[in-house]
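Predicted model, so just to flag it, every value in this text is computed and none were measured.
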Amino acid sequence: MSVADKFLAAAAELVPALEAETEALRAFDLARLPVCLVAKEKAANVYAEQVAAVRAEMAKGTLPPQARERLKVVVSRIDMAGARNAIALQAATAAHRKVIDVIARAAERRSGRVAAYSNSGRMAEAPRGARPATSLMQSQVA
């Protein structure tokens, strides 16, 4: 199997892995995400190895021009699948932040005090003058 063929096989695994994770992120399917992540990481590692092999062939000048053209098309597909995956990941992260913020605000309103945690992760007394967090994910305050 040629270097180009191995690259194409690796890409044939990576694109569906990216698409499956993107679909799970868009559906907010938290049960399916760990399996998708493992598959994506495995495929991405194999793909990275094949990218290195293709670059080595190109540096030697032994990669045929037809193979280069085929690889360009495949790289474009991977780039598009990766971009869609990144957008879905950002959207899912933003949705998680909103859910956490809603829960935190509701808990603070109900308890009448600002939530604070110790280094061990246990509830602690909030420092004097503490204000409610506007985003627990980023530790920002109003």
S.K.: What's the shortest heavy-atom distance between L63 and A4, and which atoms?
M.R.: CD1-CB, 4.3 Å

S.K.: Under a single-linkage definition using a 4.5 Å side-chain heavy-atom cutoff for Ile, Leu, Val, Met, Phe, Trp and Tyr, are V46 and L8 assigned to the same hydrophobic cluster?
M.R.: no

S.K.: Indicate yes or no: at least one non-hydrogen side-chain atom of Q50 is less than 4.5 angstrom from one of L14.
M.R.: no

S.K.: Can you spot which of M58, R55, E57 makes a side chain to side chain contact (heavy atoms under 4.5 Å, CB included) with V3?
M.R.: E57

S.K.: Is there a continuous path of hydrophobic side-chain contacts, each under 4.5 Å between heavy atoms, that joins I78 to V75?
M.R.: yes

S.K.: If you count heavy atoms of other groups shown closer than 6.0 angstrom to CD of E19, is the number above 12?
M.R.: yes

S.K.: Please identify each residue that fulfils side-chain contact (heavy atoms from CB on, under 4.5 Å) with V38, with sequence neighbours left out.
M.R.: none

S.K.: Answer whether the closest heavy-atom distance between the side chains of E21 and L89 falls below 4.5 Å.
M.R.: no

S.K.: What's the separation between atom CD in Q90 and atom CG in N85, rounded to the nearest 0.5 Å?
M.R.: 10.0 Å

S.K.: Please say whether more than 12 non-hydrogen atoms of neighbouring residues, nucleotides or ligands are located less than 6.0 Å from CZ in R77.
M.R.: no

S.K.: Does R84 use its side chain to pair, donor to acceptor, with the backbone of T22 at less than 3.5 Å?
M.R.: no

S.K.: Measure the NZ-SG distance between K40 and C36 for me, rounded to the nearest 0.5 Å.
M.R.: 9.5 Å

S.K.: Taking ring-ring contact (aromatic ring centres under 6.0 Å, His included) as the cut-off, I'd like each qualifying pair that reaches into residues 42-81, sequence neighbours left out, listed once.
M.R.: F7-Y47

S.K.: For residues G82 and L18, report the shortest heavy-atom separation together with the two atoms involved.
M.R.: N-CD1, 3.9 Å

S.K.: Do the side-chain N and O atoms of D5 and S2 include a donor-acceptor pair separated by under 3.5 angstrom?
M.R.: yes

S.K.: Any Lys/Arg nitrogen of E23 or R26 sitting under 4.0 Å from an Asp/Glu carboxylate oxygen of the other?
M.R.: no

S.K.: Looking at K42 and E13, is any side-chain nitrogen of the basic one under 4.0 Å from a carboxylate oxygen of the acidic one?
M.R.: no

S.K.: Find the distance between NZ (K98) and NE2 (H96) and round it off to the nearest 0.5 Å.
M.R.: 13.0 Å

S.K.: Establish whether V54 and V15 are linked, either directly or via other cluster members, by ILVMFWY side-chain heavy-atom contacts under 4.5 Å.
M.R.: yes

